[in-house]
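No experiment lies behind these values; they were computed from the predicted model shown.
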Amino acid sequence: MGIRIGNGYDIHRLVEGRSLILGGVTIPHHLGLDGHSDADVLTHAIMDALLGALSLGDIGLYFPPGDPEWAGADSLKLLVQVNAMVQDRGWQVSNIDSVVVAEQPKLKPHIETMRARLADKLGLNPDQVGVKATTNETLGPVGRQEGIAAYAVALLTTAD
């Protein structure tokens, strides 16, 4: 059996006038993430982990920021496209582990919904998608509530 591991990271600035979307879930908050697409840092980190596992570059290569085609794009739809690239190369996602780093809002009430939505788009069971949340203990730009970051690791397998 072939095994590949990839990791991903993303960070976006918090701004007024945008929705806060993480793992495909709109979370009530007075600030949202700024970006060309929906700025879903969690889904972006997962996509980069999947692409990285197969040495396929990063999401900017496939969905360039500034390209009008991707303006306001739903990141879950982009995740489906990345997963298709993985499968087209004979690989499948075995599991995802991720962490969102944010001071506010509290994400615990939304974690299970995030896991379910991400798993659905990847064709996985929710127990194959780990999502955790932590703070940055008021340190750095995330700690000052200037942005939200996410990290992800993906394990891909093939029956070869």
Could you pull out the closest heavy-atom pair between [X] and [Y], with the gap in Å?
X	Y	value
Tyr62	Leu56	OH-O, 2.7 Å
Gly8	Asp48	CA-CB, 3.9 Å
Leu78	Ala73	CD1-CB, 4.2 Å
His36	Pro64	CD2-O, 4.2 Å
Leu156	Leu50	CD2-CD2, 3.8 Å
Thr43	Gly23	OG1-CA, 3.7 Å

Are [X] and [Y] connected in the hydrophobic side-chain network, where two residues link if heavy atoms are under 4.5 Å apart?
X	Y	result
Ile21	Val25	no
Leu51	Leu122	yes
Val99	Leu155	no
Ile59	Leu54	yes
Val82	Leu61	yes

Looking at [X] and [Y], would you say the former's side chain and the latter's main chain have a donor-acceptor pair under 3.5 Å?
X	Y	value
Asn7	Ala152	no
Lys132	Val100	no
Gln128	Ser94	yes
Glu137	Gly143	no
Asp34	Leu14	no

As an exercise, state the distance from [atom1] of [X] to [atom2] of [Y], rounded to the nearest 0.5 Å.
X	Y	atom1	atom2	value
Ile27	Gln104	CD1	CD	12.0 Å
Leu22	His12	CG	NE2	10.5 Å
Met85	Met47	CE	CE	9.0 Å
Leu31	Arg13	CG	CZ	12.0 Å
Lys106	His29	NZ	NE2	11.0 Å
Ser55	Arg89	OG	CZ	11.0 Å

Heavy atoms, side chains only, cut-off 4.5 Å: are [X] and [Y] in contact?
X	Y	result
Ile46	Leu79	yes
Ser37	His44	yes
Leu33	Val41	yes
Leu76	Leu118	yes
Ile5	Val153	yes

**Report entry** Step-by-step salt bridge (Lys or Arg N to Asp or Glu O under 4.0 Å) determination, Arg115 to Asp127
**Finding:** CA-CA 8 Å; Arg115 290 178 61 218; Asp127 68 354; over 6 Å; no

Query - Residues forming a salt bridge (charged side-chain N to carboxylate O under 4.0 Å, His left out) with Arg144, sequence neighbours excluded - result: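 Arg144 satisfies salt bridge (charged side-chain N to carboxylate O under 4.0 Å, His left out) with Glu146 once adjacent residues are dropped.
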
Query raised in the report: Could you walk me through whether Thr26 and Leu20 pass the side chain to side chain contact (heavy atoms under 4.5 Å, CB included) check?
Result: CA-CA 6 Å; Thr26 301; Leu20 177 57; over 6 Å; no

Query raised in the report: Got a sec, which residues hit ring-ring contact (aromatic ring centres under 6.0 Å, His included) with Tyr9, two or more places apart in sequence or on another chain?
Result: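 Partners of Tyr9 under the ring-ring contact (aromatic ring centres under 6.0 Å, His included) test: Tyr151.
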
Requested in this report: Determine, stepwise, if the pair Leu42 / Val131 fulfils side chain to side chain contact (heavy atoms under 4.5 Å, CB included).
Outcome: CA-CA 9 Å; Leu42 175 56; Val131 175; 4.0 Å; yes

Query raised in the report: Below 4.0 angstrom, N of the basic side chain to O of the carboxylate: do Arg18 and Asp38 qualify?
Result: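 Judged by the 4.0 Å cut-off on N to carboxylate O distance, Arg18 and Asp38 do not form a salt bridge.
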
